[in-house]
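Worth knowing before you read on, the calculation uses all heavy atoms, side chains too, and leaves out hydrogens, waters and symmetry mates. Keep in mind the model is a prediction, meaning the values are calculated, not measured. Both ligands and their constituent atoms are indexed starting at 1 by order of listing.
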Amino acid sequence: MTELKQIDQEVQALMWQMRTETLSKMQQPFNVDEKSGRKDLVTTVDKSNEKAIVAKLRELDPDAQILGEEGFGDQIEQTAGRVWLIDPLDGTMNFVMQQNNFAIMISLYEDGVGVLGYIMDVMNAQLYHGDTKSVFVNNKQIEPPTNLHLRDALIGISGPLLINNDHNMQVIAKKSRGPRMYGSAGIEFAKVMSGELIGYISYLRPWDFAAGKILAQTLNLQVKAIDGGPLSMLSSNVVLVATERASEEVITLAN
Ligand code: 2AM
Ligand code: CA
Ligand code: CA
Ligand code: CA
């Protein structure tokens, strides 16, 4: 295995390369298919991005397992050892409908513990990356956001949770200064880390929150299931990322 520091450098370079490739593929015709329905899309760009990322990670870390959303990695049944998680295009609906507000995400876990995280906000050319010690946007280290209360800030809530009022989401939205909805878990984690949002709540799968969880926790943000318990890295969860104060307030209101 290549040394971790070198792997980190190589994966950062890979994220920039994937950004360039994604921008170029966006300018050419691509195919769009429905997965579970008309609100759940996959494009040829999701698939080719994942294939390219899997190929590079195999070269860098041949003994690791790889879990990718589109299935070009491994079938994973347990989190022992090194596991790379890939979301090759996060916010595919936005990619198709807006050509904006989408991300590429990669992370590394070892025995279920986060090691490295990467979120590329493609259209803003911002790579959020780091480990359990520090978080950077491109080359600049960022500081933890202010530990605000729910009533003093904006909160990201996914469309389905808010529309269906699951876990009292409408009450939580009313207690805040207002709900926001961007349609990409990666972009929303980035906005919580930068302090634009006090938190974000959404029903997510492991590759949707894996990178954000590592980086957000390094910035003193709480990342939990909506019942206050730990997140499963092998199944879906209603995920809450928020400042310590807002996290406590949301968990109380949601349960
Ligand atoms: P995706 O674009 O990679 O699928 C809003 O849809 C956010 O929730 C996106 O980050 C999206 O990731 C994620 N998401 C998770 N499960 C989804 C599903 N079944 N349908 C649409 N989006 C989903
Ligand atoms: Ca998807
Ligand atoms: Ca996703
Ligand atoms: Ca995706």
Exercise. With a 3.5 Å cut-off and no angle check, do the side chains of Asn100 and Tyr182 form a donor-acceptor pair?
Worked result: no
Exercise. Within a radius of less than 6.0 Å around CD of Gln141, do more than 12 heavy atoms belonging to other residues, nucleotides or ligands occur?
Worked result: yes
Exercise. Counting backbone and side-chain atoms alike, does Gly91 have an N/O/S atom under 3.0 Å from the Ca ion (ligand 4)?
Worked result: no
Exercise. Using 30° and 60° as the class limits, which term best fits the ring planes of Phe136 and His129: parallel, tilted or perpendicular?
Worked result: parallel
For this session: Considering just N/O/S atoms, say which atom of Asp208 is closest to the Ca ion (ligand 3).
Result: OD1
For this session: Starting from the Ca ion (ligand 4), look over the N/O/S atoms of Glu69 and name the nearest one.
Result: OE1
Exercise. Taking everything shown except Asn164 itself, do over 12 heavy atoms lie less than 6.0 Å from its CG?
Worked result: yes
Exercise. Can you name the N, O or S atom of Asp87 that is closest to the Ca ion (ligand 4)?
Worked result: OD1
For this session: Provide the atom name of the closest N, O or S atom of Asp90 relative to the Ca ion (ligand 3).
Result: OD1
For this session: Count the heavy atoms of every other residue, nucleotide or ligand shown that sit under 6.0 Å from CD of Glu77, and state whether that count exceeds 12.
Result: no
